[in-house]
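Note sheet for the following structure.
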Amino acid sequence: MMRLSYSTSGRPQCEIGTLAIPLSALVATAILIICIIVVCGVSLLLGSTYIPVDSLLKNQLTEAQNFAVWDVRLPRLLLGALAGWNLAMTGVMLQAISRNPIAEPGLLGLSQGAMLTILIVLILMPNISLSLLPVAAIVGGGGVAFILIALVGKGTKNGIEILLMGIALDTVLSSLNGVLLLYTPPETSYSVTAWLSGSLFQASKESLLSLLPWLLLSLPAAMLIGRSLNRYELGEDMASALGEPIHITRPLILIVAVTMSSVAVSAVGPITFLGILAPHLIGHFCPLSGRVRLWLSGLMGALLVISADLMTRLLSSDTPVPLGLSLIIIGMPMFMMICRLQAHKATHR
């Protein structure tokens, strides 16, 4: 039975059995889902092949319109939403365990590590199945995570040290990717170049199906570790004092984060900044933590990616606009405004 109550801090919450969900989280979820539905609807209708609303609703589409909707636009939308969901949630996890508010897969080198192994695989086996690329990406992302832990030390609690070492690794791996790009087969070099900037132009039913199993595996794991993130946000010492088995949950969170980010990179390329932008936007409008922050950040990440993709398709003519660039155009003004509002609020307390 559902009923309205108040938490110990005086915030209204909705109780469903033993589960208590803040009312602000439910409102934020509803708003984000409505926005996602609206953007998806506009994306399905607009493009080089225009789709009338009544024709789509009545399923009275021509052969060209059917191909545009079901084979091009819908897989592109779903793939972008899943990738944005994964990368945003990964940002929340990495920020919690590193105690650094700007930690994300791109800045820590995980994305470039995933791309490195993908490029190596494409050079050695250009005809490899798409279903195996996520595996190669996970190997690369996991390798970079292992190197990062080895370089900073398992016991470090300095978030800045982790971030700086991650940026150094990211720079080295980015250079290696640039060198390897010269040796990719000519028929794949153009698509790989676009992929390195973030792109959904290769979205298809096959690439979507290759991503789904990994999402289904990582989503329950992410929800299970959400409670641990609450404690990590208090600091490692406090989390340990509250009974958190750090030696178990910290590696588990890192494994889930590496898997989710690497799979997303294998699908759309390394989209930097999303893992920072989505959690901070949610944190400003709905300052919650744990599972709720994970869920809302995932929805925000999905919304940002499909909005950026819509902007990419509407602005593109002969020269495609990289998805990463569109995302920065949309997200950077919002991020700067939020940072300014938070600074103003802090100075007037």
Side-chain angles (χ1 to χ4, degrees), residues 26-88 130 190-191 194-195 197-213 215-216 219 264 266-269 271 274 277-278 281-282 285 295-334:
L26 294 176
V27 174
T29 299
I31 293 173
L32 287 171
I33 290 176
I34 290 172
C35 291
I36 289 173
I37 292 173
V38 170
V39 174
C40 286
V42 174
S43 296
L44 288 176
L45 297 176
L46 299 183
S48 57
T49 302
Y50 175 69
I51 311 294
V53 179
D54 56 340
S55 298
L56 180 61
L57 294 178
K58 296 177 183 178
N59 198 23
Q60 297 175 347
L61 302 175
T62 64
E63 185 177 348
Q65 291 173 336
N66 262 316
F67 177 79
V69 171
W70 302 112
D71 294 308
V72 179
R73 296 178 188 173
L74 187 60
R76 185 168 178 146
L77 271 174
L78 294 176
L79 191 64
L82 293 178
W85 169 278
N86 276 14
L87 291 171
L130 286 176
Y190 175 77
S191 59
W195 198 7
S197 302
S199 175
L200 286 168
F201 81 99
Q202 285 188 322
S204 62
K205 293 178 181 178
E206 292 75 16
S207 58
L208 181 61
L209 289 175
S210 68
L211 180 64
L212 275 178
L215 177 73
L216 295 177
L219 181 58
S266 71
V268 300
I271 302 179
L274 181 62
L277 178 61
L281 287 176
I282 289 298
F285 294 108
W295 166 261
L296 293 177
S297 296
L299 289 176
M300 178 60 77
L303 176 60
L304 288 171
V305 171
I306 62 175
S307 299
D309 181 56
L310 175 61
M311 179 180 176
T312 296
R313 293 198 295 110
L314 294 180
L315 293 181
S316 297
S317 52
D318 296 331
T319 304
V321 178
L323 178 64
L325 177 60
S326 299
L327 182 64
I328 290 176
I329 293 174
I330 291 176
M332 187 59 77
M334 300 169 64

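Counting from 1, the numbers follow the sequence of the chain as shown. Values reported hereafter were calculated over all heavy atoms of this structure, with side chains retained and with hydrogens, waters and symmetry mates removed.
- The shortest non-hydrogen separation linking Ala28 to Leu296 is CB-CD2, 4.0 Å.
- Residues Val305 and Leu82 fail the side-chain proximity criterion, which asks for heavy atoms closer than 4.5 Å.
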*asked:* side-chain contact (heavy atoms from CB on, under 4.5 Å), that's the test. Do Leu281 and Leu304 meet it? Break it down for me.
replied: CA-CA 11 Å; Leu281 287 176; Leu304 288 171; 4.1 Å; yes

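- For the atom pair CG (Leu303) and CD1 (Ile37), the distance works out to 11.5 Å, reported to the nearest 0.5 Å.
- Residues Pro75 and Val69 come closest through the heavy atom pair CD-O, 4.2 Å.
- Contact of the Leu77 side chain with the Leu44 side chain is registered, since non-hydrogen atoms from C-beta on lie closer than 4.5 Å.
- Nearest approach of Thr29 to Trp295, heavy atoms of both residues: OG1-NE1, 3.2 Å.
- Taken to the nearest 0.5 Å, the SG atom of Cys40 stands 10.0 Å off from the CG atom of Asp309.
- In this structure, Leu327 CG and Leu277 CG are separated by 6.5 Å, a value rounded to the nearest 0.5 Å.
- Closest approach of Leu79 and Ala267 over heavy atoms only: CD1-CB, 3.8 Å.
- Of all non-hydrogen atoms in Ala88 and Gly301, the two that sit nearest each other are CB-CA, 3.8 Å.
- Note that OG of Ser297 is 12.0 Å distant from CG of Leu87, once rounded to the nearest 0.5 Å.
- Rounded to the nearest 0.5 angstrom, Ile306 CD1 and Thr312 OG1 are separated by 12.5 Å.
- Note that CG of Leu299 is 12.0 Å distant from CD1 of Ile31, once rounded to the nearest 0.5 Å.
- Between Ser43 and the choices Arg313, Arg76, Arg73, the side-chain contact (heavy atoms from CB on, under 4.5 Å) rule is met once, by Arg313.
- Minimum interatomic distance between Ser326 and Met311 (heavy atoms only, all atoms of both residues): O-SD, 4.1 Å.
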